[in-house]
Amino acid sequence: MSFSRKVKEELSHSKTASRHCQIAELAGIIGMCGRIKISEDNKYQIYVHTENIMVARKYQYLVTQLYDVNIDTVVRNSRQKKSNLYTVVVKDPTIARKILQSVKLLDMNGIDIIEDLSTIYNTIIRNSCCKRAFLRGVFLATGSVSDPSKAYHFEITSITEEKAQQIKEIIGFFGIDAKVILRKKYYVVYVKEGSQIVDLFNIMEAHVALMEFENVRILKEMRNSINRKVNCETANINKTVNAASRQIEDIMYIKNTVGFGELSESLEEVARVRIEHPDLSLKDLGEILSKPIGKSGVNHRLKKLSSIAQNIREQNKEDILK
């Protein structure tokens, strides 16, 4: 089972006690995958189409709880997508009208189809708890989330840009910075920050998914931290080895050309210690000298040796050219 399906499985089994939150969640589902059929005599029927059985079940549960009516689910096989298509129908015009008025898709006169998801004016999502329930319904209907072991990506797809912007606004109410992009013919509200996806799970009350996501996220961050430290240490080791190799090359050049006789005692000691201990750091080299010195002191003497070696090379080059 995919991680996204696990999240929806958990959300589909959550039971909201308060009627106003149930209506908000119902509004989320109908708003994203519902269709309204109007007959010639102005009678309404509501169709909810989904490829996810969990969405169909949650929608049925909410309608039954709120309006004490049984509704049917029609299952059709989609040959193109190799999956089932579930259609949940409210055929009774009286119940359909009640539902549409409850979720604010029909005006109180029962005449005009409207849709206002505004967090300011729409009474069904004015309360914080109802916003949570609404987002739960919206995510169930058209949302998805990536496996956290692969990527951090949470999204909700919408047919219209207006609805996508409204969902973004509702998510923003909880301090989460969602973005909207156009992907093919759909507008996608998405969040890519791991900590904010965790916050969204908490908002929707998907607590089991939250814990699983957080565990994976913590483990990934630990691994990334270890990898960064290992890479840093490896780079430092390589840098030390390369520097030591150049230092020894310069010292051996001095030894094989003019010898150490012209060097001061301090430079000669550093030269011999470096040859004998090619793997030691500058700090460790300084500590084993007859008169210990610090890292900067050792570095100064090695640079001096390098300068001497370079001068000898240039002198020998001039002698050859004469």
Subject >> Stepwise side chain to side chain contact (heavy atoms under 4.5 Å, CB included) check, F3 with E212 >> reply: CA-CA 9 Å; F3 183 74; E212 183 177 344; 3.8 Å; yes
Original post:
After noting the C-alpha distance and the side-chain angles of Q45 and I36, does the key distance pass the side chain to side chain contact (heavy atoms under 4.5 Å, CB included) rule?
Top reply: CA-CA 6 Å; Q45 290 183 338; I36 302 169; over 6 Å; no
Subject >> Test side chain to side chain contact (heavy atoms under 4.5 Å, CB included) applied to M54 and H13, step by step >> reply: CA-CA 9 Å; M54 291 174 284; H13 288 100; 5.9 Å; no
**OP:** Could you give me the CA-CA distance, side-chain angles and deciding distance for Y86 and V74, then say whether side chain to side chain contact (heavy atoms under 4.5 Å, CB included) is met?
**Re:** CA-CA 6 Å; Y86 303 92; V74 178; over 6 Å; no
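Here the side chain of T142 pairs a donor or acceptor atom with the backbone of T157 at under 3.5 angstrom. Remark: side-chain polar atoms of K8 are paired, donor with acceptor, to backbone N or O of G143 under 3.5 angstrom. The main-chain N or O of Y187 is never found under 3.5 Å from a side-chain atom of E161 such that the two would form a donor-acceptor pair. Distance alone, capped at 3.5 Å, places no donor-acceptor pair between the T64 side chain and the D68 backbone. A donor-acceptor distance shorter than 3.5 angstrom exists from the side chain of E10 to the backbone of V208, with no hydrogens or angles considered. A donor-acceptor contact shorter than 3.5 Å is absent between the side chain of S18 and the backbone of H20.
Taking every heavy atom of both residues into account, H49 and T87 meet most closely at ND1-OG1, 3.0 Å. Heavy atoms only, all atoms of each residue included: K163 and S158 are closest at CB-OG, 3.4 Å. Closest approach of L280 to R274, counting heavy atoms only: O-NH1, 3.1 Å. Of all heavy-atom pairs between C21 and A133, the closest is O-CB, 3.3 Å. Between A206 and L11, the shortest heavy-atom contact is CB-CD2, 3.8 Å. Closest of all the heavy-atom pairs between L140 and S12 is CD2-N, 4.3 Å.
Distance check, rounded to the nearest 0.5 Å: CG of L62 to CD1 of I99 gives 10.0 Å. Between atom CD of residue E269 and atom CD1 of residue I293 there is a gap of 8.5 Å, rounded to the nearest 0.5 Å. One distance of note links CG of N311 with CD of E314; it measures 6.0 Å at 0.5 Å rounding. Note that CD of E265 and OG of S290 are 8.5 Å apart. Values are rounded to the nearest 0.5 Å. For the atom pair CD1 (I251) and CZ (R246), the distance works out to 12.5 Å, reported to the nearest 0.5 Å. Taken to the nearest 0.5 Å, the CG atom of D92 stands 10.5 Å off from the CD1 atom of I46.
L66 and I71 fall within a single hydrophobic cluster, where Ile, Leu, Val, Met, Phe, Trp and Tyr side chains are chained together by heavy-atom contacts under 4.5 Å. Criterion: ILVMFWY side-chain heavy atoms under 4.5 Å apart, direct or through other members. Under it, V69 and V48 are part of a common hydrophobic cluster. The hydrophobic cluster containing F173 also contains I171, counting ILVMFWY residues as joined when their side-chain heavy atoms lie under 4.5 angstrom apart, directly or transitively. The same ILVMFWY cluster, assembled from side-chain heavy atoms under 4.5 Å apart, contains both I176 and V189. The same ILVMFWY cluster, assembled from side-chain heavy atoms under 4.5 Å apart, contains both I29 and Y67.
The closest side-chain heavy-atom distance from Y59 to I30 is below 4.5 Å. Counting heavy atoms from C-beta outward, I156 and Y190 have side chains that stay 4.5 Å or more apart. The closest side-chain heavy-atom distance from V270 to L285 is not below 4.5 Å. For the pair E287 and D284, the minimum side-chain heavy-atom distance is below 4.5 Å. You'll find the side chain of R217 reaches within 4.5 Å of the side chain of E214, heavy atoms only. Looking only at side-chain heavy atoms (C-beta outward), I312 and I254 come within less than 4.5 Å of each other. A heavy-atom distance below 4.5 Å is not found between the side chains of V188 and V180. Using a 4.5 Å heavy-atom threshold, the side chains of L100 and Y44 count as touching.
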Quick one: side chains of residues 295-309, donor-acceptor pairs under 3.5 Å with protein atoms, not counting sequence neighbours, listed by atom name and distance.
unit_1 : atom_1 : unit_2 : atom_2 : d
S306   : OG     : D250   : OD2    : 3.1

Return a table of donor-acceptor pairs under 3.5 angstrom between the side chains of residues 198-205 and protein atoms on other chains or two or more places apart.
none

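Ion pairing between R272 and E268 holds under the 4.0 Å rule for side-chain N and carboxylate O. Using a 4.0 Å cut-off between charged nitrogen and carboxylate oxygen, K58 and E25 count as a salt-bridge pair.
Cation-pi check for K131 over F174 is not met; the charged atom does not lie both under 6.0 angstrom from the ring centroid and within 45 degrees of its normal. Cation-pi geometry between K15 and Y61 is met: the NZ or CZ atom falls under 6.0 Å from the ring centre, inside 45° of the normal. A cation-pi arrangement is absent between K6 and F213 under the rule of less than 6.0 angstrom and at most 45 degrees off the ring axis.
The number of heavy-atom neighbours closer than 6.0 Å to NZ of K98, taken from other residues, nucleotides and ligands shown, is 12 or below. In this structure, R57 places its CZ atom where only 12 or fewer heavy-atom neighbours from other residues, nucleotides or ligands lie under 6.0 Å away. Annotation for Y47: atom OH counts as buried by contact number, over 12 foreign heavy atoms lying within 6.0 Å. No more than 12 heavy-atom neighbours from other residues, nucleotides or ligands sit within 6.0 angstrom of NZ on K229.
No side-chain donor from either of N242 and S245 sits under 3.5 Å from a side-chain acceptor of the other. S149 and D147 form a side-chain donor-acceptor contact under 3.5 Å, judged by distance and modelled atom types alone.
Residue H153 is tested with S144, S4, P148, S146 for a side chain to side chain contact (heavy atoms under 4.5 Å, CB included); the sole match is S146.
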